[in-house]
> 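The structure is given below, and queries will be raised subsequently.
Just so it is clear: chains get the letters A, B, ... in the order the sequence lines come, proteins before strands, and each one is counted from 1. Predicted, not measured: the structure shown is a model, and the values here were computed from it.
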2 protein chains.
Amino acid sequence: MSSIKRIDVEHLKVSCKECNLRELCFPHGMSDDELSNMDAVVEQPKALHKNDFLYRDGDKSQAIFAVRSGCVKTMTESANGDEQIVGFHLPGELLGLDGFADDSYTCNAVALETSSVCELPLDQLETLCHQVPGLQKQMRRIMGKEVSNDHKLLLLLGKMTAEERLASFLLSLSGRMEERHWKENEFNLSMPRQDIANYLGMAVETVSRLFATFQSEKIIDVDRRHITILDMHRLKVIVGECEPSK
Amino acid sequence: MSSIKRIDVEHLKVSCKECNLRELCFPHGMSDDELSNMDAVVEQPKALHKNDFLYRDGDKSQAIFAVRSGCVKTMTESANGDEQIVGFHLPGELLGLDGFADDSYTCNAVALETSSVCELPLDQLETLCHQVPGLQKQMRRIMGKEVSNDHKLLLLLGKMTAEERLASFLLSLSGRMEERHWKENEFNLSMPRQDIANYLGMAVETVSRLFATFQSEKIIDVDRRHITILDMHRLKVIVGECEPSK
DNA sequence: CGCCGATTTGACTCAGATCAAGGTTTGTGG
DNA sequence: CCACAAACCTTGATCTGAGTCAAATCGGCG
């Protein structure tokens with residue numbers, strides 16, 4: 001069925017060169033010349049509606065993607081059907097790297113809200129790596145980041161209490177807001193409680209209760225999906241990043 | 001203090017070309033010519049004693065490694081000091097990929113027993129990628145594998161019960177034994193219970209009790225570190241990979 | 001307004017952690 | 001070869017963080 005609404009495509013037509021996410025994304029550190037090569041290869045952004053799949057577990061992997069706007073979650077599926085969200089990808093962040101393993105993706109990627117993603121076809125990536133010196137290293141950097149990011153998440157799931165997990169999640173979001181020069185202590189969650197719970201390996205009810213606790217302790221203010229961090233320091237104390245102040 | 005024992009170095013001097021782990025390791029699918037290039041770059045194996053660090057969190061990353069013999073664990077450390085083991089690396093498996101993120105390793109790598117590792121210096125990897133067509137793709141394959149492997153572990157830690165985790169762990173080991181053409185239903189664990197527990201996100205006591213349960217149910221036989229899988233099918237049923245028979 | 005999905009709140013339960021011994025194996029020095 | 005210590009592993013008893021179940025409330029939206 002065709003949708004009545006049409007996503008405005010005008011604002012999507014932005015070259016890497018002009019993209020304000022440039023430094024967070026693939027083009028990080030590239031020269032103007034290199035960016036031109038990049039632009040020649042990157043497809044114009046794909047529009048996604050909420051709940052659209054960008055790719056599915058098992059699909060042949062033909063590209064990696066960069067989120068241009070919105071938010072995309074990736075999740076793995078187990079033999080007995082339950083799912084684990086392994087990442088929420090904000091603008092400038094990449095996804096699809098799991099597809100390198102054996103030419104097909106090993107997880108599902110789903111838009112949490114109306115989003116757009118830039119596409120970098122794999123066959124052209126090959127060529128591009130020869131044209132752009134240092135791109136190979138860039139690729140490695142990006143994959144290394146993915147790996148060490150996953151390791152942090154393993155630590156979270158393996159060793160942290162529910163309270164620490166949620167605090168850690170909020171701090172991670174806050175840090176990424178800051179990277180994007182958005183407000184680091186006030187932002188909207190693009191995912192429902194259910195997805196936060198899944199990602200953090202706990203029950204929705206626990207997420208809800210912890211939000212309530214944090215709020216009553218004046219650490220954050222929660223209004224539906226809108227989060228205001230009132231006491232960053234105390235959040236850091238919870239995850240052990242800071243000593244409790246006197 | 002100098003040790004009385006000396007590790008026999010003779011058997012370590014093996015070229016990639018002659019290495020029986022060839023197809024599991026970096027050289028997977030390479031031609032003879034390519035293997036020669038590879039051999040010119042790979043350092044002779046480093047010997048490690050039990051509990052030796054191969055590298056530490058924060059060390060400048062200058063190489064990636066392939067386990068030649070023995071077993072090496074990698075673990076991340078949290079702000080408040082506790083550790084999460086993120087992988088046990090068997091012969092033919094690589095480690096050090098986390099170092100790509102920002103030129104320094106983000107986890108610790110420690111030998112679980114007397115081991116040896118081959119070293120592939122990063123600066124030479126660069127050059128090698130130009131000489132060996134398809135090595136770049138190989139690199140991507142390896143990193144993709146690492147990523148999707150981590151995703152499996154996230155699912156394990158986020159969604160599985162203790163019983164499912166241990167069954168899953170045993171099946172994973174068994175599968176890797178098979179890859180190496182070793183017995184898939186009889187092998188020795190190179191790690192203590194404590195490390196298994198840490199890796200699977202549970203208490204040592206739980207690991208111990210589950211081994212006892214599995215044994216009493218005739219699913220496995222446990223003798224200290226020696227494991228015999230008696231009923232592979234039932235293990236698979238536990239993790240949901242198989243339907244319970246009749 | 002009324003329905004539906006998302007969220008919150010309360011009461012109860014339980015898987016697995018923690019605490020506490022005790023047993024076994026390995027390594028060391030005399 | 002034995003005594004002793006240090007790891008390592010197991011087993012039992014108890015406790016608890018967080019899950020489950022149930023129900024109320026909220027927020028959009030047609």
> Would you mind reading off the distance between A:Met191 atom CE and C:dA6 atom C1', rounded to a whole angstrom?
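After rounding, the reported distance stands at 15 Å.
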
> Go nucleotide by nucleotide along DNA chain D from the 5' end; which of A:Asp223 and A:Arg209 gets its closest nucleotide reached first?
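Its nearest nucleotide being more 5', the pick is A:Arg209.
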
> A:Arg68 versus A:Val117: any side-chain heavy-atom pair under 4.5 Å?
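A:Arg68 vs A:Val117: side chains apart.
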
> Please report the distance, rounded to the nearest Å, between CD in A:Glu205 and C1' in C:dC14.
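Rounded to whole Å, this separation is 15 Å.
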
> Side chains of A:His151 and B:Thr106 only: does a donor on one sit below 3.5 Å from an acceptor on the other?
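No, because no side-chain N or O of A:His151 sits under 3.5 Å from a partner of the opposite role on B:Thr106.
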
> Please list all pairs passing the salt bridge (Lys or Arg N to Asp or Glu O under 4.0 Å) test where one or both residues lie in residues 185-208 of chain A, with sequence neighbours left out.
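Salt bridge (Lys or Arg N to Asp or Glu O under 4.0 Å) check on residues 185-208 of chain A returns A:Lys73-A:Asp195, A:Lys183-A:Glu186.
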
> Just checking, any donor-acceptor pair under 3.5 angstrom between side chains of A:Ser115 and A:Ser69?
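No pair is found: no donor N or O on one side chain lies under 3.5 Å from an acceptor on the other.
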
> Remember a base hit wins even if backbone is also touched, and classify B:Ala203 as base, sugar-phosphate or nothing at under 4.0 Å, heavy atoms.
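Answer is base: heavy atoms of B:Ala203 come under 4.0 Å of a base.
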
> Starting from the first five and the last five pairs of the helix from C:dC1-D:dG30 to C:dG30-D:dC1, work out the angle between the resulting helix axes, to 10 degrees.
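Taking the rotation axis at each end, their angle is 40°.
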
> Between C:dT24 and B:Arg225, counting only base atoms on the nucleotide and side-chain atoms on the residue, is there a donor-acceptor pair under 3.5 Å?
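Checked by distance alone, the answer is no.
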
> What are the 5'-most and 3'-most nucleotides of DNA chain D lying under 4.0 Å from any heavy atom of chain B?
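Result: D:dC9 to D:dA13.
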
> A:Arg224 side chain N/O closer than 4.0 Å to the phosphate oxygens (OP1, OP2) of C:dA6?
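For C:dA6, neither OP1 nor OP2 has a side-chain N or O of A:Arg224 closer than 4.0 Å.
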
> Take B:Leu171 and B:Val239, measure what side chain to side chain contact (heavy atoms under 4.5 Å, CB included) needs, and give me the verdict at the end.
CA-CA 9 Å; B:Leu171 284 172; B:Val239 303; 3.7 Å; yes

> Whole angstrom is fine here: how far is it from NZ in B:Lys159 over to C1' in C:dA15?
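From B:Lys159 NZ to C:dA15 C1': 16 Å.
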
> Which nucleotide wins on minimum distance to the side chain of B:Met202, given the candidates C:dT7, C:dG16, C:dA17?
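The nucleotide sitting nearest to the side chain is C:dA17.
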
> Looking at CD of B:Gln62 and CD of B:Glu119, how far apart are the two atoms once the value is rounded to the nearest 0.5 Å?
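Answer for the CD-CD pair, B:Gln62 versus B:Glu119, is 8.5 Å.
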
> Expressed in angstrom and rounded to an integer, what is the separation of A:Gln215 atom CD from C:dT9 atom P?
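To the nearest whole Å, that distance equals 9 Å.
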
> According to a strict under-4.0 Å criterion, is B:Thr206 in side-chain N/O contact with OP1 or OP2 of C:dA17?
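True: B:Thr206 side-chain N/O within range (under 4.0 Å) of C:dA17 OP1/OP2.
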
> B:Lys50 or B:Ala212: which one's nearest nucleotide on DNA chain D is closer to the 5' end?
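Looking at DNA chain D, the more 5' nearest nucleotide goes with B:Lys50.
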
> Roughly how many Å is it from CZ in B:Phe211 to C1' in C:dG16, rounded to a whole number?
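Interatomic distance, CZ of B:Phe211 to C1' of C:dG16: 17 Å.
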
> Report yes if some heavy atom in the side chain of A:Leu94 is under 4.5 Å from a heavy atom in the side chain of A:His89; otherwise report no.
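No. Closest side-chain heavy atoms not under 4.5 Å.
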
> Under a 3.5 Å threshold, yes or no: a donor from one side chain and an acceptor from the other, between A:Asn198 and A:Glu83?
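Note: A:Asn198 and A:Glu83 side chains miss the donor-acceptor criterion.
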
> Specify the separation, in whole Å, of atom CD1 of A:Ile196 and atom P of C:dT7.
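Checked: the CD1 to P distance equals 8 Å.
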
> Test salt bridge (charged side-chain N to carboxylate O under 4.0 Å, His left out) on B:Arg56 and B:Glu77 and set out the steps.
CA-CA 10 Å; B:Arg56 285 168 193 271; B:Glu77 221 165 313; over 6 Å; no

